[in-house]
Amino acid sequence: MNHNLTHLHPYPFAKMATLLSNSMPAHDYSEIKLGIGEPKHEPPAFVLDVLRENLDKISRYPTTNGMFELRQTIAHWLERRFFLNHVDAHKQVLPVMGTREAIFSLVQAVVNHEVVEAKDRTKTHQAAASRQSSVPSQAPTVVMPNPFYQIYEGAAILAEAAPYFVPCTLDNDFKGNYRAVPKDVWARTQLLFVCSPNNPTGAVMTMDDWEYLIRLSEQHDFIIASDECYSELYFDTAPIGLLQACAALGRHDFKRCIVFHSLSKRSNLPGLRSGFVAGDAKILQAYLQYRTYQGCAMPIPHQLASIAAWQDEKHVAHNRALYQEKFALWMAELGQLLELRMPEAGFYFWIKAPEQFDGDDEVFVKALYEQANIHALAGRYLSREVNGHNPGQGYVRIALVASVEESREAIGRIRQLLGA
Ligand SMILES: Cc1ncc(COP(=O)(O)O)c(C=O)c1O
């Protein structure tokens, strides 16, 4: 077996299952799931119609780069959404089977062990990267936020790269203090993951943040991989994407920049497994070749359904309105009691565990389960301890995926739990 498999961490939900293995849920209550970030709003009916109407096309092999019509639709969507002059549907867009597999496989495709010696001119092998990981210090490095979507870390580990974690904490507005990353770490960095809007904190990168990172990537010659799969779940202002920032800086070739987008959260279609990767044509060309061997091609009915979904914004606005209603409800009913902080975007609350639960995320999620039959996620399971500090410890992630009715019910139970 691949020895790197032993370095993979259990998934956050596996840790939750262990935590709750000896607990009983409050049996007089129905179960409310706010732990997993699986959208629960209705998927658009017209998309499902397209899927049904084209099921006969399942008899054909899809191509790895997908139908031109899909790439063209995505290119137009990117142009409209991010104010881009032109996105080349032939070279700058690639459909993927959800962003999870793409995030994983992009890392496998780009990490290059041969350039490390050439790039690592400082030769300071006591780099912070080495203190953060069991992977050797001279390994290529993948920088990522902490807390994070765990695929970033697992992908780096299986590519034999060293993950380097940037803490996203209240004192840096949960965006990550990239300015504190040592130069020698940047020197060996091959890929930087950014998640904006961030899961779990809801933080969104500003134009200044993007400019700083884009210049860093030029200086140290690394790729920025921007996970933007929550970009359409915003309140007033649409988040600035990485490609938008590139264009604003005059970098219309999106050099070293790659974005990930998905229909899972935008259109409530997590089971369609449909997303795309876009950006630097040179990277995508090599990545397409990698994918040909990997064998991840989107079935034609899914591609046609995806075209319908990317062409429509009405259902997305409706989706946003539903989340807004729920956020308003939670803020009104629990804002003060739980010291809720509105995220800038996305569908998560990142909550400090209340004092009456010792400010402990595990104690709080256990109480939610045992006394209110509510599932939430302990923040420490979404992040890694570095130098004795786990930035997720003491936080709990609540996904506002349940219906408005269930949200009301959950709020009532939490108020009771808090003695309000
Ligand atoms: C931050 C983040 N990125 C990527 C994904 C993957 O989404 P999908 O594979 O459905 O596109 C998720 C899913 O929960 C996520 O939270």
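Numbers here are sequence positions counted from 1. Both counts, for ligands and for their atoms, begin at 1 and track the order of listing.
Using a distance-only test at 3.5 Å, with no hydrogens or angles considered, no donor-acceptor pair links the side chain of K265 to the main chain of P270. Of the possible polar contacts, one joining the Q108 side chain to the A155 backbone as a donor-acceptor pair under 3.5 Å is found.
Near Y230, meaning under 4.0 Å from one of its heavy atoms, ligand 1 places the atoms 1 (C), 2 (C), 14 (O), 15 (C), 16 (O). Set against the non-hydrogen atoms of C195, the atoms of ligand 1 under 4.0 Å away are 1 (C). Each of the atoms 9 (O), 11 (O) of ligand 1 lies under 4.0 Å from some heavy atom of G98.
Closest to atom 10 (O) of ligand 1, if we only count protein heavy atoms, is S264 OG, 2.6 Å. Among protein heavy atoms, atom 9 (O) of ligand 1 sits closest to R273 NH2, 2.7 Å. The protein heavy-atom contact nearest to atom 3 (N) of ligand 1 is D227 OD2, 2.5 Å.
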Apply salt bridge (Lys or Arg N to Asp or Glu O under 4.0 Å) to the pair D360 and K366, showing each step before the final yes or no.
-> CA-CA 10 Å; D360 185 305; K366 222 167 161 187; over 6 Å; no
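Ring-centre distance between F193 and F148: not below the 6.0 Å cut-off. Remark: aromatic rings of Y230 and F347 are close, center separation under 6.0 Å.
Counting heavy atoms from C-beta outward, V166 and P145 have side chains that stay 4.5 Å or more apart. Taking the side chain as every heavy atom from C-beta outward, L304 and L51 never approach each other to under 4.5 Å.
If you look at F260 next to ligand 1, there are no close heavy atoms at all, none under 4.0 Å. When non-hydrogen atoms are compared, ligand 1 lies under 4.0 Å from neither the backbone nor the side chain of P270.
Between K265 and ligand 1, at least one pair of N/O atoms sits closer than 3.5 Å. Residue T99 has at least one nitrogen or oxygen atom sitting less than 3.5 Å from a nitrogen or oxygen atom of ligand 1, judged on distance alone. Residue contacts with ligand 1: R100 is placed with a nitrogen or oxygen under 3.5 Å of a nitrogen or oxygen of the ligand (distance criterion only).
Side-chain contact annotation: N4 with E160, donor-acceptor N/O pair under 3.5 Å present.
Note on ligand 1: G37 sits outside its first shell, no heavy atom being nearer than 4.0 Å.
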